[in-house]
Amino acid sequence: MSIPVIRPHNGHPMLFVEDQPFYIVGGEVHNSDSSSPAYMEGIWQCADELGLNTLLLPVSWELVEPEEGRFDFTVPDALIQQARRYGKRIVFLWFGAWKNAEMTYAPAWVKTDRKRFRRAQIVKGKDKAGRSVAGGRATLPYYTLSALCEATVTADGKAFAALMAHLKEVDGAQHTVIGVQVENETGLLGSARDRSDAADAAFAAPVPEGLAAFLRAHPDWLDPDLAQAVAAGAEQGSWTEVFGAGAEELFSAYYTARYLDTVALQGKAAYPLPMFANCWLVHKGDKPGDYPSGGPVARVRGVWRFAAPTLDVLGPDIYVPEFLQVCDEYTRDGSPLFIPEAATHAYAAPRLAYCIGHYHAMCYSPFGFDDIGHPFSAIQGYLFGMDVTDPALKTPQDKAEYAWFAHTLTAMMPVLAPLYGTDALQAACAESGEPQATLALGKLNLSAIFRNPMVPDQLCNGVVLAARVAPDTYYLLAYHTMLNLAAGDAENLDILSLEEGQFENGSWKPGRRLNGDEAAMLMIGAPRLLKLRVSTYEDGE
Ligand code: DGJ
């Protein structure tokens, strides 16, 4: 069997595992869980109950290389064994120099050698920001490594390459590990750019060859303010001369992307699994430095595409309420949707179905998935502070419902994955804000109404996913919606059969045969999977 790979499938970039098209119905664990295989037992069980097919698990530089040059792979090895026992796949997250724009997972020998492994400076001459900015850690000062330090990228890349070589050795035949995230939420908080002496010198030096021309050729891969700054700047010169008002963020993006590319390149030379970078997003009104400046936010994606070509995908960690807008931003250039982290509120399950059905997503993975159903998840806490009126954003996802969605979509992979890249797989959801949507699928026009029946001027958190598997046969996954079936390619439509059921071991297992009221008025509350056969004809035929 071939190594997991991303390649085009019906013109769409698709992950292949064991030579089959694959999508990740995933879950990311809390940061510290995967440092203890004993602790992970309960987490694997939870993943199994939920029906996830892949876990995203941190592997930290500090545990893998506790002393320089001495590697210890006990923990990742144990995680691989557990995954095999539970029949799951793994995406490892390399917590190297960056974890949420900080250096918390760098080994002690890196943290204590500040001359060799230089820190980023937010205020010139000072190591610390003087205020805390990261992840709600209100009392801790902020320290982080500089993206421009050669010694750091060399050491980080060496450690990452050692991990990848080890994975090849222990997993090169079984492919339990199907991808790797390089670093975690990179970038710099508190300032648009590093203000150390080395960074100042690089900022005054000429912009690297080819970058400005590349960005001018792809203005859509930048936010308009940055594209304008690039268009108005000089052909060559220092960062300020070429990029004007956008210079500092573009500079940070370039050096952060170069850092990750260097690390990824060394890792791929050892074992070329698919690799990606995740992103702490911009939230309304934020300036670079309020969010980590230089990270792969959509507004600077052109720089990342130029400077980090080794990365296969850039993936948004989506906790902000504007979920669909973010998905659109990250797929506009034809990139696949890979969501390594997502919130666990009441859109979590509908979003899973929508991401697969509409975006043909490669990965959808709630963060801290074992919190699903708990009101006190860290992610919910984040939203409490936000000005959101949509009740679904402040309601915990029902755990049994999430399990239904994840089990169903995992079991449907042999049916749905081959349809990626075609219009035979479509979806609509209430979160788009439209009370009604119609999907055109050959013989069938499927309409979904997402009004809350109890409060008609309010939308619910409904979703519908439709797959046309033969000219007259469809699978419909639906939740919190009213469906209407109408003829698509002709004047009339007959329902030949309508069944509810589930997939088991790759085959359809029918439940009730629906007719009468259940087919005449498809009011769907709890999530359901239906199989529909239709025929169409013209009047007088
Ligand atoms: C985003 C980070 O990437 C995760 O490691 C974790 O810290 C979550 N935020 C917590 O909200």
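Here the structure is a predicted model, which means the values were calculated and not measured. Each ligand, and each atom within it, is numbered from 1 in the order the structure gives. Excluded from the calculations below are hydrogen atoms, water molecules and symmetry mates; all remaining heavy atoms, backbone and side chain alike, are included.
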Of all the atoms in ligand 1, which lie at a distance below 4.0 Å from a heavy atom belonging to [X]?
X: Glu341; result: 1 (C), 2 (C), 3 (O), 4 (C), 8 (C), 9 (N)
X: Asn184; result: 2 (C), 3 (O), 5 (O)
X: Asp317; result: 3 (O)
X: Glu185; result: 1 (C), 2 (C), 3 (O)

message = Less than 6.0 angstrom from the centroid, inside 45 degrees of the normal: does Arg351 satisfy that with respect to the ring of Tyr364?
response =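 Judged by the rule, Arg351 and Tyr364 form no cation-pi pair.
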inquiry  = Does Arg85 qualify as a cation-pi partner of Trp44, given the criterion of NZ or CZ under 6.0 Å from the six-membered ring centre and within 45 degrees of its axis?
reply    =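 No cation-pi geometry.
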message = Measuring centre to centre across the rings, with the benzene-like ring taken for any Trp, is Tyr330 within less than 6.0 Å of Phe338?
response =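 No, they do not, as the ring centres are separated by 6.0 Å or more.
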query = Considering the options Phe92, Trp94, Phe71, which one meets the ring pair (Phe, Tyr, Trp, His ring centres under 6.0 Å) requirement together with Phe160?
reply =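 Output: one option passes, namely Trp94.
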query = Is it true that Tyr319 lies under 4.0 Å from ligand 1, counting heavy atoms only?
reply =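 For ligand 1, residue contact (heavy atoms, under 4.0 Å) with Tyr319 is present.
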task = For Lys99 and ligand 1, answer yes if some heavy atom of the residue is under 4.0 Å from a ligand atom, otherwise no.
result =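 So Lys99 counts as touching ligand 1.
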ask   = Does an N or O from Asn31, backbone or side chain, lie closer than 3.5 Å to an N or O of ligand 1?
value =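 Looking only at distances, the answer is yes, because the N/O contact criterion of under 3.5 Å is met.
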message = Ignoring hydrogens, what is the shortest heavy-atom contact between Tyr23 and Met412? Give both atom names and the distance.
response =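 The pair with the smallest heavy-atom distance is OH-C, 3.7 Å.
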side-chain contact (heavy atoms from CB on, under 4.5 Å), paired with Arg89, selected from Val17, Leu52, Asn53 =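 Answer after filtering Val17, Leu52, Asn53: Val17.
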query = Is ligand 1 under 4.0 Å from a heavy atom in the side chain of Trp280, in the backbone, in both, or in neither?
reply =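 No part of Trp280 is near ligand 1 at this cut-off.
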